[in-house]
Amino acid sequence: MKQSFLIFTITFLMSGFYVNGQNWTTDTLSWGNKLFITELPDNFKRSTNNYTEGVFLHYIFPDSSTVTIFHGWNAAVSLYKQGNFDTLKVNSNVYSGRIRPTGKLWKAVRKSDNLIYWYNLVPSEQEQTFDRVLKSFELKTERKGG
């Protein structure tokens with residue numbers, strides 16, 4: 001019995017899905033020939049909105065924090081520079097700041113003219129968790145056989 005428990009525990013920890021007291025999961029969405037792959041705490045609800053030139057993928061957490069992936073023609077528009085934000089440019093592709101008047105955090109990463117992802121409404125104490133989510137994001141192009 002102890003041996004089975006030890007094997008299960010080692011396998012579970014090696015999977016990388018338990019981080020700082022939270023269960024994590026890898027979510028993969030296929031859209032056209034693209035795969036969006038993200039590691040997230042497992043207490044989210046996913047919402048997908050397609051439009052003619054692209055897709056919005058939203059992850060919504062119980063405290064109203066959100067992670068959004070936007071792939072499409074209009075991603076070149078600086079949505080994260082508009083609104084009630086105090087903005088800090090971290091580098092040429094990363095912007096972050098606080099939302100007035102709540103003081104909650106947001107951060108946006110622009111990968112290309114047609115891909116941007118960000119978190120929003122994040123409490124300060126969750127910043128490292130959501131930074132990990134942004135760092136985990138991958139976009140892959142599926143190769144079709146033939």
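As the structure is a computational prediction, the values presented were derived from the model and not from experiment. The chain is numbered in sequence order, starting from 1.
The nearest pair of heavy atoms linking Glu39 to Ser136 is N-OG, 2.9 Å. In terms of heavy-atom proximity, Gly103 sits nearest to Arg98 at O-NH1, 2.7 Å. Nearest heavy atom pair, residue Ser30 against residue Glu142, reads OG-OE1, 3.5 Å.
Using a 4.5 Å cut-off on side-chain heavy atoms (C-beta onward), Trp106 and Ser96 make no contact. Between Leu121 and Ile99, the closest side-chain pair of non-hydrogen atoms falls below 4.5 Å. The shortest distance between side-chain heavy atoms of Ile116 and Val109 does not fall below 4.5 Å.
For Thr68, the side chain to side chain donor-acceptor pair (under 3.5 Å) partners two or more places apart in sequence, or in a different chain, are His58. For Tyr59, the side chain to side chain donor-acceptor pair (under 3.5 Å) partners are Asp27, not counting sequence neighbours. Asp42 pairs by the side chain to side chain contact (heavy atoms under 4.5 Å, CB included) definition with Asn23, Thr25, not counting sequence neighbours. Scanning for ring pair (Phe, Tyr, Trp, His ring centres under 6.0 Å) contacts around Tyr119 gives Phe130, with sequence neighbours left out. Shown here are the side chain to side chain donor-acceptor pair (under 3.5 Å) partners of Thr102, two or more places apart in sequence or in another chain: there are none. Partners of Lys140 under the side chain to side chain contact (heavy atoms under 4.5 Å, CB included) rule, at least two apart in sequence or in another chain, are Leu35, Ile37, Glu138.
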- Could you check Lys111 against Asn93 for side-chain contact (heavy atoms from CB on, under 4.5 Å), going step by step and ending with a plain yes or no? CA-CA 7 Å; Lys111 284 297 208 185; Asn93 295 324; over 6 Å; no
- Message: Apply side-chain contact (heavy atoms from CB on, under 4.5 Å) to residues Glu53 and Tyr51 and explain how you reach the verdict.
- Response: CA-CA 6 Å; Glu53 296 93 9; Tyr51 73 106; 3.1 Å; yes
- Message: Quick one, Leu115 with Phe137, criterion side-chain contact (heavy atoms from CB on, under 4.5 Å). Give me CA distance, side-chain angles, the key distance, then yes/no.
- Response: CA-CA 11 Å; Leu115 177 63; Phe137 176 74; 3.9 Å; yes
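For the side-chain contact (heavy atoms from CB on, under 4.5 Å) criterion with Ser65, the lone passing option out of Val133, Leu105, Thr129, Val122 is Val122.
Here CG of Asn120 is found 13.5 Å from NZ of Lys107. Values are rounded to the nearest 0.5 Å. In this structure, CG on Leu139 lies 9.5 Å from OH on Tyr117, to the nearest 0.5 angstrom. For the atom pair CZ (Arg46) and CG (Leu57), the distance works out to 6.0 Å, reported to the nearest 0.5 Å. Between Phe56 atom CZ and Phe70 atom CZ the span is 3.5 Å, to the nearest 0.5 Å. Note that CD of Glu127 is 15.5 Å distant from CZ of Arg132, once rounded to the nearest 0.5 Å.
Geometrically, Arg110 does not engage Trp118 in a cation-pi contact defined by less than 6.0 Å to the ring centre and at most 45° from the axis.
More than 12 heavy atoms of other residues, nucleotides or ligands shown are found within 6.0 angstrom of NZ on Lys34.
One hydrophobic cluster, built from ILVMFWY side chains closer than 4.5 Å, cannot hold both Val55 and Ile60; they sit in different ones.
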